[in-house]
Amino acid sequence: MAEKKFTIQSFKNAKKQGRRVSVLTAYDYTMARLLDQAGVDCLLVGDSLAMVMLGYENTLQVTMDDMIHHTKAVARGNQKALLIGDMPFMSYHVSIDEAVRNAGRFVKEAGAHAVKLEGSQNVADKIRAIIKAQIPVIGHLGLTPQSVNAFGGFKIQGKDIEAAHRMIDDALLLQDTGVSAIVLECVPDLLAKKITETVDIPTIGIGAGVHCDGQVLVIHDLLGLYPDMRPKFVKTYDTQAGRVITAVKKYIEEVSSGQFPAKEHTFAMDPQLSSKL
Ligand code: KIV
C-alpha cells in the first residue's frame, strides 16, 4: 500500500525488494480520490475509457482530447499515486514528432507522471524519443487492444513457442529503450514468469498470472460495474451494477409515491414570510 508518493523510481525499488505493485484504472476525479485514498500505487487513465466510460465497442476511437480531459480530472483527485496516461491509437504511430508532442500533452496539460503505449519494435524509435524528452514510458505487450483488428479479436497471445520467444525478445527490446515497467496482457502465466525473470524492470500483469511484479485491473471490472464483457482474468470484488439498479429503482418509487424528498431534505420557509406568499 502506498504510504508516500509512488514515483517512477519506486518501480525499480519495488522489483528489488520483491514488493508487488498495485495498479488500477481511473477516469474521473471522484474515483481517483477514492482509489488514491485506498492506497493504490499507480492510477492508469487507460484507453479502456473508450469502452467503460464512452460506450465504444473497442479502444480505437478514443482521441487525445478525450484522454487529456479525463487525465486532468484524475490528476485533480490524486495525491500519492503515480499517474499514467495511456496514449491512444494513432497518437504515437505516425511520426516521432507527433509521439513526443502527444506524450508531452499528458504531462504538461493533464498532470500525468508517465505515459503508457503499446508495442515494441514498431514503436521503439518513438519510445526512445519520448524518454529523451524526460517523459517516463510504460510498455505494453501481449494482447495489446489497439491491435484488435490485426489480431482478429481479443485473444490470448504468446501461445506457441515462436510467439513466446518473440515476446521475450520484445520485452528485452523495451527494456533497452528505457521503459520503466511493462504491462503484460493475456499471456500464459509461465511465459509471464519467464519475462519477469528475464527483465530488470517490473512486469505488471493483467491476465498474465501471479508471477508478475504487479497487477492491473480496470476499476469497472473490479467493482462489477461493466457487465458487457467479463474476461476470465477479471476478479470482481463487488457487484455494484446490481446495487446501482436497486438503489435507482428505490429512488424512482419514492419520487413516484412522494416519499422523497422528506422533511430532512427540504428547506423550510420562515412561517411569517410564507403567510405573505
Ligand atoms: O486501457 C487500459 O485500461 C489498459 C489496462 C487494462 C492495462 O491498458
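Start at 1 and go down the list; that is how both ligands and their atoms are numbered.
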(request) Please write down residue, atom name and distance for the protein heavy atom closest to atom 5 (C) of ligand 1. (result) Leu44 CD2, 3.7 Å
(message) Keeping Tyr92 on the side-chain end and Glu118 on the backbone end, is there a donor-acceptor pair under 3.5 Å?
(response) yes
(request) State whether the shortest distance between N or O atoms of Tyr27 and N or O atoms of ligand 1 falls below 3.5 angstrom. (result) no
(message) Check whether His69 reaches the backbone of Asp66 with its side chain - one donor and one acceptor, N or O, closer than 3.5 Å.
(response) no
(request) Answer whether the closest heavy-atom distance between the side chains of Tyr237 and Leu223 falls below 4.5 Å. (result) no
(request) Give the residue and atom name of whichever protein heavy atom lies nearest to atom 3 (O) of ligand 1, and the separation in Å to one decimal. (result) Ser48 OG, 2.5 Å
(request) Could you tell me how the ring of His265 sits relative to the ring of Phe260: parallel (under 30°), tilted (30 to 60°) or perpendicular (over 60°)? (result) tilted
(request) Tell me which part of Leu217 gets within contact of ligand 1: side chain, backbone, both or neither, using heavy atoms under 4.0 Å. (result) neither
(request) Check ligand 1 against Gly46 and write out every atom of the ligand that is under 4.0 Å from a heavy-atom position of the residue. (result) 1 (O), 2 (C), 3 (O)
(message) Side chains of Tyr27 and Ser48 only: does a donor on one sit below 3.5 Å from an acceptor on the other?
(response) yes
(message) Please work out, at 4.0 Å between heavy atoms, whether the side chain, the backbone, both, or neither of Asp47 comes within that distance of ligand 1.
(response) both
(request) Number the atoms of ligand 1 from 1 as they appear, then name those within less than 4.0 Å of a heavy atom of Ile206, with their elements. (result) 6 (C)
(request) Considering the heavy atoms of Asp86, write down every atom of ligand 1 situated less than 4.0 Å from one of them. (result) 1 (O), 2 (C), 8 (O)
(message) List ligand 1 atoms under 4.0 Å from Thr25, heavy atoms only on the residue side.
(response) 3 (O)
(message) If we only consider heavy atoms of His140, is any one of them less than 4.0 Å away from an atom in ligand 1?
(response) yes
(request) Could you check Val137, Val115, Val123 and say which one makes a side chain to side chain contact (heavy atoms under 4.5 Å, CB included) with Met87? (result) Val115
(message) Within the supplied structure, the quantity of interest is the number of heavy atoms (other residues, nucleotides, ligands) at a distance under 6.0 Å from Lys194 NZ; does it exceed 12?
(response) no
(request) For atom 8 (O) of ligand 1, find the nearest protein heavy atom and state the residue, atom name and distance (0.1 Å precision). (result) Lys116 NZ, 3.1 Å
(message) Between Arg243 and Asp238 (salt bridge meaning N to carboxylate O under 4.0 Å), is one present in this structure?
(response) yes
